[in-house]
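To start, the structure itself, in structure tokens.
Count residues from 1 along the sequence. Just follow the structure's listing: the first ligand is 1, and inside any ligand the first atom is 1. Note that the structure is a prediction, hence the values are computed from the model and not measured. These numbers come from the heavy atoms of this one structure, side chains and all, not from hydrogens, waters or symmetry mates.
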Amino acid sequence: MALFPKKQNPVQAEADLTRLPRHIAIIMDGNGRWAKKRGLPRTAGHAAGAETFRTIATYCKDIGLEYLTVYAFSSENWRRPEEEIGAIMGLLKKYLLEAISRMERDRVKMEFFGDLSPLTPELRELCERTREISRHYEGCQVNVCLNYGGRDDIVQAARAFALDCAGGRADPNHLTAKQFSGYLYSGNVPDPDLIIRTSGELRLSNFLLWQAAYAEFYITDVLWPDFSREELHRAIAAYQSRDRRFGGV
Ligand code: FPP
């Protein structure tokens with residue numbers, strides 16, 4: 001497998017690609033600022049951000065990453081102007097249609113974390129189809145967080161667990177953290193090892209609150225549309241230099 005396809009520059013930062021984290025999660029922030037700096041509408045920033053997502057997701061698959069999770073639309077993003085929401089949903093639709101048409105070639109498993117019920121029936125159906133077609137693929141799994149909020153995730157998990165208790169399928173006295181994790185949107189996906197946030201903001205913004213318990217953080221000032229394979233390597237190299245103790249010594 002060619003790590004650096006022709007016509008692209010070799011990556012410089014020193015990441016050891018034989019020791020990748022299993023799961024990288026990304027808060028793709030800064031699309032609006034990227035557009036503003038260029039005198040463009042915010043929607044142009046999202047279009048550029050969607051391109052970056054394609055590039056990075058493909059690269060993650062090529063280097064053999066097991067799980068990539070991205071924050072595409074938060075449960076709070078509905079507060080944005082209607083036109084901007086429409087543009088993001090349009091980009092998602094375009095992406096999913098392309099993903100479906102390339103699925104046999106790419107063999108990337110796609111999942112969606114979040115409450116998809118407020119999406120249009122067309123978008124919901126596309127998500128469902130993408131999920132269904134790719135269900136049996138092994139290798140890289142890309143999780144797109146859509147109408148996702150970390151608190152909502154925990155609440156829906158608690159609700160599902162309570163219903164299981166009421167139905168006699170679970171016992172509250174024997175609940176463990178591992179068992180509870182299985183009720184989250186992420187189900188059996190391992191927790192993220194590395195969370196990257198672009199555009200320099202120092203917040204988790206309701207992203208994977210439970211799952212982030214022992215994640216390493218990498219914050220870069222780079223705006224999401226400018227995020228590159230080199231920057232990903234820097235993030236991985238930073239992760240590899242950390243001493244993860246998980247509460248031990
Ligand atoms: C944050 O930047 C970005 C979003 C809320 C939307 C992310 C959407 C995409 C990258 C495009 C569609 C996604 C896929 C998976 C095809 P911001 O708008 O908050 O930027 P700002 O903080 O500079 O205003």
Legend entry - Salt-bridge present (K109, E138; N to O < 4.0 Å):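 Looking at K109 and E138, the cut-off is not met.
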Legend entry - E132 with R129: basic N within carboxylate O range, under 4.0 Å: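 A salt bridge is absent here (no side-chain N lies under 4.0 Å from a carboxylate O).
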Would you check the N or O atoms of [X], main chain and side chain alike, for any that come under 3.5 Å of an N or O of ligand 1?
X	answer
R42	yes
N31	yes
G32	yes
D29	yes

Mark up the atoms of ligand 1 that fall under 4.0 Å of a heavy atom belonging to [X], in ascending order.
X	value
R80	5 (C), 17 (P), 18 (O), 19 (O)
G49	10 (C)
F53	15 (C)
M28	1 (C), 2 (O), 3 (C), 10 (C)
R33	21 (P), 22 (O), 23 (O)
N77	5 (C)
H46	4 (C), 6 (C), 11 (C), 18 (O)

Inset, instruction - Would you check if there is a donor-acceptor pair between the side chains of R234 and T220 at a distance under 3.5 Å? - result: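 No, because no side-chain N or O of T220 sits under 3.5 Å from a partner of the opposite role on R234.
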Inset, instruction - Give the C-alpha distance, both sets of side-chain angles, the deciding distance and a yes or no for ring-ring contact (aromatic ring centres under 6.0 Å, His included) between H46 and F73. - result: CA-CA 11 Å; H46 294 312; F73 195 84; 9.2 Å; no
Inset, instruction - Determine whether more than 12 heavy atoms belonging to other residues, nucleotides or ligands lie under 6.0 Å from atom CZ of R242. - result: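 Count over threshold, so yes.
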Inset, instruction - Using a cut-off of 6.0 Å, state whether more than 12 heavy atoms not belonging to R169 lie near its atom CZ. - result: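 Counting other residues, nucleotides and ligands, CZ of R169 exceeds 12 neighbours.
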Inset, instruction - For G30 and ligand 1, answer yes if some heavy atom of the residue is under 4.0 Å from a ligand atom, otherwise no. - result: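 It does, in that a heavy atom of G30 comes within the 4.0 Å cut-off of ligand 1.
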Inset, instruction - Looking only at protein heavy atoms, identify the closest one to atom 8 (C) of ligand 1 and say how far it is in Å. - result: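 Heavy-atom neighbour on the protein nearest atom 8 (C) of ligand 1: A72 O, 3.7 Å.
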Inset, instruction - Among all protein heavy atoms, pick out the one at the shortest distance from atom 16 (C) of ligand 1; state its residue, atom name and that distance to 0.1 Å. - result: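 Result for atom 16 (C) of ligand 1: Y95 CB, 3.8 Å.
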Legend entry - Y71: hydrophobic cluster co-members (side-chain, 4.5 Å):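 Under the 4.5 Å side-chain rule, Y71 groups with I27, Y67, F113, Y148, I154, F161, L175, F180, Y183, L184, Y185, V189, I195, L204, F207, L208, L209, W210, F217.
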Legend entry - ILVMFWY network linking V108 to Y137, side-chain heavy atoms under 4.5 angstrom: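 In one cluster with V108: Y137, yes.
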Inset, instruction - For D171, check salt bridge (charged side-chain N to carboxylate O under 4.0 Å, His left out) against everything at least two apart and list the hits. - result: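 Listed in chain order: nothing, the list is empty.
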Inset, instruction - Closest by any non-hydrogen atom to atom 14 (C) of ligand 1: pick that one out of V70, L92, L96. - result: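 Closest candidate by heavy-atom distance is L92.
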Legend entry - Identified ring pair (Phe, Tyr, Trp, His ring centres under 6.0 Å) counterpart of F53 within the set W224, Y95, Y59, F227: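 With F53 as partner, W224, Y95, Y59, F227 yield a single ring pair (Phe, Tyr, Trp, His ring centres under 6.0 Å), made by Y95.
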